[in-house]
Engineer: 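Before we start, here is the structure in question, set down as structure tokens.
Chain naming here is simple, since letters A, B, ... match the order of the sequence lines and numbering starts at 1 in each.
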Number of protein chains: 2
Amino acid sequence: MFLLIKKENNFLIFQSFNFYSLTNSTIYLIPNLLGDADIKSSLPDGVVDVVRTLKHFIVEDEKSARKFLKLCGVMPPFEGISFYVLDKHTSSADRSEILKAITGHESGILSEAGCPGIADPGADIIAMAHQRSFTVRPLVGPSSILLALIASGFNGQAFSFHGYLPANAIERIRKIKELEAESAKTGYTQIFIETPFRNDFLFQDILAQCKPLTLFSVACDITLPTEEIVSANIKEWQKRKVPELRGRPTVFSLLVTSGSGY
Amino acid sequence: MFLLIKKENNFLIFQSFNFYSLTNSTIYLIPNLLGDADIKSSLPDGVVDVVRTLKHFIVEDEKSARKFLKLCGVMPPFEGISFYVLDKHTSSADRSEILKAITGHESGILSEAGCPGIADPGADIIAMAHQRSFTVRPLVGPSSILLALIASGFNGQAFSFHGYLPANAIERIRKIKELEAESAKTGYTQIFIETPFRNDFLFQDILAQCKPLTLFSVACDITLPTEEIVSANIKEWQKRKVPELRGRPTVFSLLVTSGSGY
């Protein structure tokens, strides 16, 4: 694909520019803060600058999007700014309408916390944007999964993220054992999350079900002043004071290493 | 664990503080820029501020660490700053020496590009720091893997990262087919990388080996002005101009969805 760059001495100068046809549609993927984290430590200034130029935002919840924009210095009444709500209730037809509305514009997609497309309905609309040859620009910001992984000290060359474990106790225990066996077989770090009010159950199940030398990392309140990240094997965890996890956003990781005699 | 916070009216005030015993040792995980990216769009100011306070750095390469510090406003001759080189040649004994040297201090671990602990020897020393009850603090910054994943529009609820695919052509093709089959079975996004000078081979193998409706995302030069991110199915990719990938840092993702008739 070639784009006309300039006309010089009556010659047309073309320049190789992109894989494909250009549209003037760009969608920026805007990471949100993790809870009440400090924006100064969570988002680069250049990202905040991009947010300030945008007039179209695809958001999970309009109220929290307004809160985020205020943190970025975009102030009420948000004149000239359009919000398009995208949540699990948004129909396929509504998604197409949103895409139509932002075509030809620079727009942003904003998650409730962390990166859009990770644990929210954003991925679908990003996929649709690709089909329409939008330019997709991911912006740097906090991802609790990635920060938990690097802070665990576990294998970062090969890992899997599994989202939420099953709520049902029997299925949850089955899944924990499956992940432990998978890590023993492959050496991959196994990362997962839980609804914060059920964190304690998941934690107790892991301590009860996993083998003594399996490594277990608990990363709570990442990027918050109350952040706590601890990695230890199950035997060591069992000797320690049980951490207060209920209601605190937490990322869990398991790793079975060759030294752990699985 | 309780920490004495202050003495007030002759009462000692304690406050619940941490899961475990406190040491005065903290290790910050410092993300580096991806190539010659703009620091303003890659790192939060708060992260740069932390870097400026540190006197101990565990680094993969001292020369590039100095370059990074200069970008953060820490200027030569780097007086009072200690660098400890940690690379694939660092022995286990040397790692223990490094840990000993940084005990009792605030220190930083810095990768060549992106997040420490992901595709570098950092994870081991972070694990050792946990064993010694260091406080481990991951800092926000660019991760090409995570940015590629969110920009792909693929499944962000469940994904696996596999690191580098095999250099041998036959093994590489076997691995590609294995990853495609795995995604068909589980719906997980499969993410992987290649040494930049071999990107073209990997790209061609994927186009030749994967099924027509398998989704394939190519994310090049993330956070750089030349960034290009395209997701399409194999059939669409085959119709398109072959992108110039050789020598450009690229993250590849595959996804087989239920609609792709695998």
Engineer: With a 4.5 Å limit on heavy-atom distance, are the side chains of B:I118 and A:L146 in contact?
Structural biologist: yes

Engineer: Heavy-atom distances under 4.5 Å only: say whether B:F161 touches chain A with side chain, backbone, both or neither.
Structural biologist: both

Engineer: Against chain A, work out which of B:S152, B:P31, B:A232, B:A148 has the most heavy-atom pairs shorter than 4.5 Å and name it.
Structural biologist: B:S152

Engineer: So which part of A:D38 gets closer than 4.5 Å to some heavy atom of chain B, the side chain, the backbone, both or neither?
Structural biologist: neither

Engineer: Checking heavy atoms, do the side chain of A:L149, its backbone, both or neither come under 4.5 Å from chain B?
Structural biologist: side chain

Engineer: Are more than 12 heavy atoms from other residues, nucleotides or ligands located less than 6.0 Å from atom NZ of B:K235?
Structural biologist: no

Engineer: Chain A: which of B:P142, B:G163, B:G117, B:G156 shares the most heavy-atom pairs with it under 4.5 Å?
Structural biologist: B:G156

Engineer: So which pairs with a foot in residues 155-166 of chain A pass side-chain hydrogen bond (donor to acceptor under 3.5 Å, both in side chains), sequence neighbours left out?
Structural biologist: A:S160-B:S160, A:H162-A:Q190, A:H162-B:Y188

Engineer: Which residue out of A:A151, A:G122, A:A129, A:A219 racks up the most heavy-atom pairs below 4.5 Å with chain B?
Structural biologist: A:A151

Engineer: Can you tell which part of A:L43 gets under 4.5 Å to a heavy atom of chain B, answering side chain, backbone, both or neither?
Structural biologist: backbone

Engineer: So for B:D49, is it side chain, backbone, both, or neither that comes closer than 4.5 Å to the heavy atoms of chain A?
Structural biologist: side chain

Engineer: Nearest 0.5 Å please: distance from the OG atom of A:S42 over to the CG atom of B:L139.
Structural biologist: 10.5 Å

Engineer: Once rounded to the nearest 0.5 Å, what's the spacing between atom CZ of B:R137 and atom CD1 of A:I150?
Structural biologist: 13.0 Å

Engineer: Of the options B:C115, B:S143, B:P138, which is the one that meets A:L147 in a side-chain contact (heavy atoms from CB on, under 4.5 Å)?
Structural biologist: B:P138

Engineer: Find the one option among A:P116, A:A158, A:S41 whose heavy-atom pairs under 4.5 Å with chain B are most numerous.
Structural biologist: A:S41

Engineer: Given heavy-atom pairs under 4.5 angstrom as the criterion, report whether the side chain, backbone, both or neither of A:T223 touches chain B.
Structural biologist: side chain

